[in-house]
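A short worksheet on the structure shown next.
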Protein chains: 2
Amino acid sequence: MPGVFLKDALVTLKESGVRITPQRHAILEYLITSHTHPTADEIYKALESDFPNMSVATVYNNLRVFQNAGLVKELTYGDASSRFDFVTHDHYHIICDECGKIVDFHHPGLEEVERLAAHVTGFKVNSHRLEVYGTCPDCGEAQNEAK
Amino acid sequence: MPGVFLKDALVTLKESGVRITPQRHAILEYLITSHTHPTADEIYKALESDFPNMSVATVYNNLRVFQNAGLVKELTYGDASSRFDFVTHDHYHIICDECGKIVDFHHPGLEEVERLAAHVTGFKVNSHRLEVYGTCPDCGEAQNEAK
DNA sequence: TAAACTAATTATAATGATTATAAAGAAGTA
DNA sequence: TACTTCTTTATAATCATTATAATTAGTTTA
C-alpha cells in the first residue's frame with residue numbers, strides 16, 4: 001500500500017501549513033514509489049517529462065521542506081551528491097562498495113550504544129546513524145566469474 | 001605519546017613506497033596533534049605560515065594518499081566539506097547538533113549487526129559506519145541558561 | 001657526481017552540486 | 001478586486017573538489 005504513505009505525507013504537510021503543489025506531489029510520489037534513494041538530479045530528470053519547466057532549485061527547495069517536516073532524510077556518502085530517502089519506519093542501509101546499490105534492512109535500534117555514548121561523553125543523545133558496507137550478491141557473483 | 005603515532009605512520013608510508021615530503025610530514029603531524037577532525041581547508045590554512053606556497057591540491061592529494069594507506073578516514077556529513085580523521089584504534093564519533101563538535105568514544109564493534117545485515121541482504125559485509133548525534137555539554141548548558 | 005627517470009608540488013582552470021536572487025505566477029484572504 | 005504570502009522559475013553565484021600542465025625535488029643508475 002504505497003498510497004497510504006503518500007496520503008499520510010500530504011496530511012502531515014498540510015498540517016504544518018505547507019501548500020501541496022503539483023511539483024511537491026510529484027516529488028513525494030517519486031520518492032515513495034521508486035525505491036531507489038535518488039539524488040536531487042535523478043528526481044529532476046525523472047520528472048522532466050511531466051514538468052518540462054521545473055527548475056532544479058524547486059527540487060532542492062522541496063526536499064528541504066520535506067526534511068523539515070520529517071518526511072525525508074538526506075543521506076550523505078563520500079561521493080559528490082546527496083541521496084534522499086522517504087522515511088517510513090526506522091531502517092538501516094547496507095551499501096555495495098562496488099556498484100553503490102543501497103538496500104534497506106531492519107534491526108532493533110541501538111539504544112544501548114546511545115546510552116554508552118551519552119554516558120562517556122556527557123552529550124544528550126538525539127539520534128544515530130548506522131550504515132553497513134559490503135559487496136552485494138550481484139557484484140560478488142561477477143567477481144567469482146571473473147576468476 | 002603522540003610521537004609514536006607519527007613515527008608509525010611514517011614507517012607505514014615508507015613501506016608502501018610513499019615519499020615523505022615536508023608537506024606530508026606537516027599534514028600528518030597536524031592531523032595527529034590537533035584533535036579536531038579538520039577539513040582540508042582548515043589543514044591548508046593551519047600550515048599556511050610554514051608553507052606559504054603550498055597548494056590546496058597538495059592537501060587533497062595527500063589526504064587521498066593517506067586514506068589509501070589506511071592512515072586517515074574521510075568523514076562526510078550533511079554539510080559542505082568532508083572532515084578527516086587520523087585512524088588510531090577503532091572508535092566512533094558523537095556529534096553535536098548545535099555546534100558541530102565531534103568527540104570520540106569507544107564501543108565494541110557491532111559484529112552482531114553486521115552478521116544480521118549480511119544474513120538478510122545476502123551481502124558480503126566489509127565494514128560499517130556509526131555516528132551518534134546529540135547536544136554537547138557546553139551547548140546544553142547554554143540552552144539552560146537561556147531559559 | 002651527473003644524467004635520467006620518477007614522483008610530488010604548484011598554480012591555475014574546470015567541474016559539478018548546491019544555494020542565492022530576483023522576477024513572475026498562483027493561491028488565500030479580506 | 002486588491003493585497004499579502006508562498007511557490008516556482010530562470011539564472012547567476014558559491015564553494016568544495018578534481019584535473020591539467022609545468023616546474024621542482026628525490027631517487028636511481030651509470
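Keep in mind it's a predicted model, so treat the numbers as computed, not measured. A note on names: the letters A, B, ... follow the listed sequences, proteins ahead of strands, and every chain is numbered from 1.
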Rounded to whole Å, CD of Glu48(B) lies from P of dT10(C) at a distance of 12 Å

Do Tyr133(B) and Arg129(A) come close enough that some side-chain heavy atom pair is under 4.5 Å?
yes

I need the full list of side chain to side chain donor-acceptor pair (under 3.5 Å) pairs touching residues 39-48 of chain B, with sequence neighbours left out, sorted by first then second residue.
Asp41(B)-Lys45(B)

Val11(A): what forms a side chain to side chain contact (heavy atoms under 4.5 Å, CB included) with it, not counting sequence neighbours?
Glu15(A)

Spell out protein contact along nucleotides 6-21 of chain D as letters: B when the base is contacted, S when just the sugar-phosphate is, - when no protein heavy atom is under 4.0 Å; keep the 5' to 3' order.
BSSBB-----SSBB--

Output all residues satisfying side chain to side chain contact (heavy atoms under 4.5 Å, CB included) with Arg115(B), sequence neighbours left out; order by chain, then residue number.
Glu111(B), Glu112(B)

Using atom CG of Leu47(B) as one end and atom C1' of dT9(C) as the other, report the distance to the nearest whole Å.
14 Å

Scan residues 53-74 of chain A for pairs that pass salt bridge (Lys or Arg N to Asp or Glu O under 4.0 Å), counting only residues two or more places apart or in two chains.
none

For residues 93-100 of chain B, which side-chain donor-acceptor pairs fall under 3.5 Å, sequence neighbours excluded?
unit_1: His93(B); atom_1: NE2; unit_2: His37(B); atom_2: NE2; d: 3.2
unit_1: His93(B); atom_1: NE2; unit_2: Asp85(B); atom_2: OD2; d: 3.2
unit_1: His93(B); atom_1: NE2; unit_2: His91(B); atom_2: NE2; d: 3.3
unit_1: His93(B); atom_1: NE2; unit_2: Asp104(B); atom_2: OD1; d: 3.2
unit_1: Asp97(B); atom_1: OD2; unit_2: Asn126(A); atom_2: ND2; d: 2.6
unit_1: Glu98(B); atom_1: OE2; unit_2: Gln143(B); atom_2: NE2; d: 3.4

Side-chain atoms of residues 24-32 of chain A: list all donor-acceptor pairs with protein atoms under 3.5 Å, sequence neighbours left out, distances to 0.1 Å.
unit_1: Arg24(A); atom_1: NE; unit_2: Asn62(A); atom_2: OD1; d: 2.8
unit_1: Arg24(A); atom_1: NH1; unit_2: Arg19(A); atom_2: O; d: 2.9
unit_1: Arg24(A); atom_1: NH2; unit_2: Asn62(A); atom_2: OD1; d: 3.3

Compute the bend angle of the helix from dT1(C)-dA30(D) to dA30(C)-dT1(D) from the end axes (five pairs per end), rounded to 10°.
20°

What pairs with His119(A) under ring pair (Phe, Tyr, Trp, His ring centres under 6.0 Å), at least two apart in sequence or on another chain?
none

Take the protein atom CD1 of Ile20(B) and the nucleotide atom C1' of dA7(C), then report the distance between them rounded to whole Å.
13 Å

